[in-house]
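The next block holds one structure in the form of structure tokens; read it before the comments.
The chains referred to below are lettered A, B, ... by the order of the sequence lines, with proteins before strands, and numbering in each begins at 1.
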2 protein chains.
Amino acid sequence: MWVNQNVFDDPRITAVGLLVEAHAGLSARFAAQFEEHGLSPVEFEVLTRLARSPGNQLRMTDLAAQTSLSTSGVTRVVDRMERDGLLTRRACPSDRRSSYAVVTAAGLQRLDETLPGHLRIIEQWFTGQLDPEALRALLDGLRRVRDAVHPGATAGSTGPVLIGGEAPAGRC
Amino acid sequence: MWVNQNVFDDPRITAVGLLVEAHAGLSARFAAQFEEHGLSPVEFEVLTRLARSPGNQLRMTDLAAQTSLSTSGVTRVVDRMERDGLLTRRACPSDRRSSYAVVTAAGLQRLDETLPGHLRIIEQWFTGQLDPEALRALLDGLRRVRDAVHPGATAGSTGPVLIGGEAPAGRC
DNA sequence: AAGCAACTATAGCCGTGACAATATTCCCGA
DNA sequence: TCGGGAATATTGTCACGGCTATAGTTGCTT
């Protein structure tokens, strides 16, 4: 009836442990490098999502859907980043409820400064740790898991994070 | 000079995206199931770490080292869990600075109720998504990355999370 | 045309956890 | 033996972000 010590040697537990620890370790490296450029992980994520979107802009709602933040969370991080000059709010003329977050030149510049180091870290601690064959296998596996747990399929998911490149077309 | 749109198609970026999204999706499933049993992810982590340690106990510092929390964070989560009857503080007789967090019977019971569903979710959304061969390849890759980024090797890492089963021997 | 439900962004309130400061205790070297 | 530096846990303070309520806007339905 009580928890058995051997439970913690269950291969499922160790598998999750590997995923969690690999993710945590990488995230820590990323965060440290972001900080060198005055960015938090969330700010980097926002900058990236905006920069890869058509017109370098995204509605607040869509930005929330593409990040790990709620809409109110987006409101606040956009507040901070607007204050820091990394982006601007722009009203949507065709729908007065919506407003856009638009990356400024300074924001693109900042991202431009941050990305090379970011890619270097990924290569150093992740992709470069494996030979091409093993990396392909790892990514295939991750893709399968990602597609399975893809939040779009979840009912009670808190943050509806969209898959990678997805970028809804703005109507303004 | 400006950020190139194609940067976001860089295989390194997409690789990290897969890892992050797979982790986020799984974490959300886990959190939902924990909540069914009145546990937060952190509380589950604490309960697990304690239950797998000799004597079902761990010094506050060691608990912090094995979780994603700082020592002050541990103080607070232990406060809450002690209030909820999931664990108890116990003074260390041989070192009056230290105190132990000890799982109570109620804490073990709670963990006992939570673990089966947790294992089921892991199997359903993670390990069961891949055939044994692919799973082995995935775990091998994750292990390589985990060992590389292992926080023990990091200088400026915030939370010194220890590797999986590591459990320092208490002297009390 | 009117009303109503859905959508959008924001603000209030609160829990969480990190950082720095603090008090206590331990340990080692002079 | 004694003094100072390291270790340990806790608390004050703060930033962050989720949930809910709210105000404004849109568009559909009748």
Side-chain angles (χ1 to χ4, degrees), chain A residues 24 27-28 31-32 34-35 38-46 57-84 87-102 156-161 168 170-172, chain B residues 24 27-28 31-32 34-35 38-46 57-84 87-102 156-161 168 170-172:
Chain A
S27 294
F34 294 154
E35 196 171 6
L39 292 175
S40 71
V42 174
E43 288 167 346
F44 176 81
E45 195 182 1
V46 166
Q57 60 181 355
L58 229 35
R59 296 190 320 163
M60 302 295 278
T61 301
D62 297 326
L63 187 52
Q66 288 191 26
T67 60
S68 49
L69 292 174
S70 65
T71 60
S72 62
V74 164
T75 293
R76 291 186 169 111
V77 72
V78 166
D79 283 347
R80 296 195 294 272
M81 295 175 73
E82 188 172 31
R83 177 172 46 73
D84 295 346
L87 52 77
T88 319
R89 280 183 170 83
R90 188 175 75 76
C92 172
S94 69
D95 186 342
R96 300 177 56 190
R97 293 171 301 179
S98 302
S99 64
Y100 277 83
V102 195
S157 72
T158 44
V161 183
R171 288 167 308 156
C172 297
Chain B
S27 294
F34 293 153
E35 196 172 7
L39 292 176
S40 72
V42 175
E43 288 168 345
F44 176 81
E45 195 181 3
V46 167
Q57 61 181 356
L58 229 35
R59 296 189 320 163
M60 302 295 278
T61 301
D62 297 327
L63 187 51
Q66 289 191 26
T67 59
S68 50
L69 291 174
S70 65
T71 60
S72 63
V74 164
T75 293
R76 295 198 161 102
V77 72
V78 166
D79 282 347
R80 297 194 293 273
M81 295 175 73
E82 189 172 31
R83 176 173 46 73
D84 295 346
L87 51 79
T88 319
R89 279 184 171 84
R90 187 175 77 76
C92 172
S94 69
D95 186 341
R96 300 179 57 189
R97 293 170 303 180
S98 301
S99 64
Y100 278 83
V102 195
S157 73
T158 44
V161 183
R171 288 164 309 154
C172 298

Rounded distance in Å - CG (Leu69(B)) to P (dG15(C)): 18 Å
Looking at Arg96(B), I'd like to know if its CZ atom is crowded, meaning that more than 12 non-hydrogen atoms belonging to other residues, nucleotides or ligands lie closer than 6.0 Å. no
Distance, rounded to the nearest Å, where Arg83(A) contributes CZ and dC16(D) contributes C1': 13 Å
Looking only at heavy atoms, what is the nearest atom pair of Gln57(B) and Val102(B), with distance? OE1-CG2, 3.8 Å
Cationic N near anionic O, under 4.0 Å, Arg76(A) to Asp79(A): no
Separation of atom CD in Glu35(A) from atom P in dC16(D), rounded to whole Å: 12 Å
Does any N or O in the side chain of Glu43(A) come within less than 3.5 Å of the main-chain N or O of Val77(A), such that one atom is a donor and the other an acceptor? no
Between CZ of Arg97(B) and SG of Cys92(B), what distance do you get to the nearest 0.5 Å? 9.5 Å
Check the distance between dG24(D)'s P and Met60(A)'s CE and give it to me in whole angstrom. 18 Å
For Met81(B) and dG15(C), give me the distance from atom CE to atom C1', rounded to whole Å. 16 Å
In whole angstrom, give the distance that lies between atom CG of Asp79(A) and atom P of dA15(D). 14 Å
Distances under 3.5 Å only, N/O to N/O: pair up the protein atoms with those of nucleotides 4-7 of chain D.
from	atom 1	to	atom 2	distance (Å)
dA7(D)	N3	Arg97(B)	NH1	3.2

Closest approach of Pro41(A) and Ala31(A), non-hydrogen atoms and distance? CG-CB, 4.0 Å
Contact nearer the 5' end of DNA chain D, comparing Val77(A) with Val74(B): Val74(B)
Round to a whole Å and report the spacing from CG of Leu39(A) to P of dC16(D). 13 Å
Sugar-phosphate, base or nothing in reach of Ser99(A), heavy atoms under 4.0 Å: sugar-phosphate
Thr75(B) side chain, from C-beta outward: closest of dG17(D), dT10(C), dT11(D): dT11(D)
With a 3.5 Å cut-off and just heavy-atom distances, do the side chain of Ser72(A) and the base of dC19(D) make a donor-acceptor pair? yes
Within the pair Arg96(B) and dA23(C), is there a side-chain N or O less than 4.0 Å away from OP1 or OP2? no
Does Arg59(A) qualify as a cation-pi partner of Tyr100(A), given the criterion of NZ or CZ under 6.0 Å from the six-membered ring centre and within 45 degrees of its axis? no
Side chain of Ser98(B) (C-beta onward), nearest among dG17(D), dT8(D), dT11(D): dT8(D)
From the list dT25(D), dC26(C), dG18(D), which nucleotide is the closest neighbour of the side chain of Arg76(A)? dG18(D)
Once you round it to whole Å, what is the distance between P of dA11(C) and CZ of Arg80(A)? 14 Å
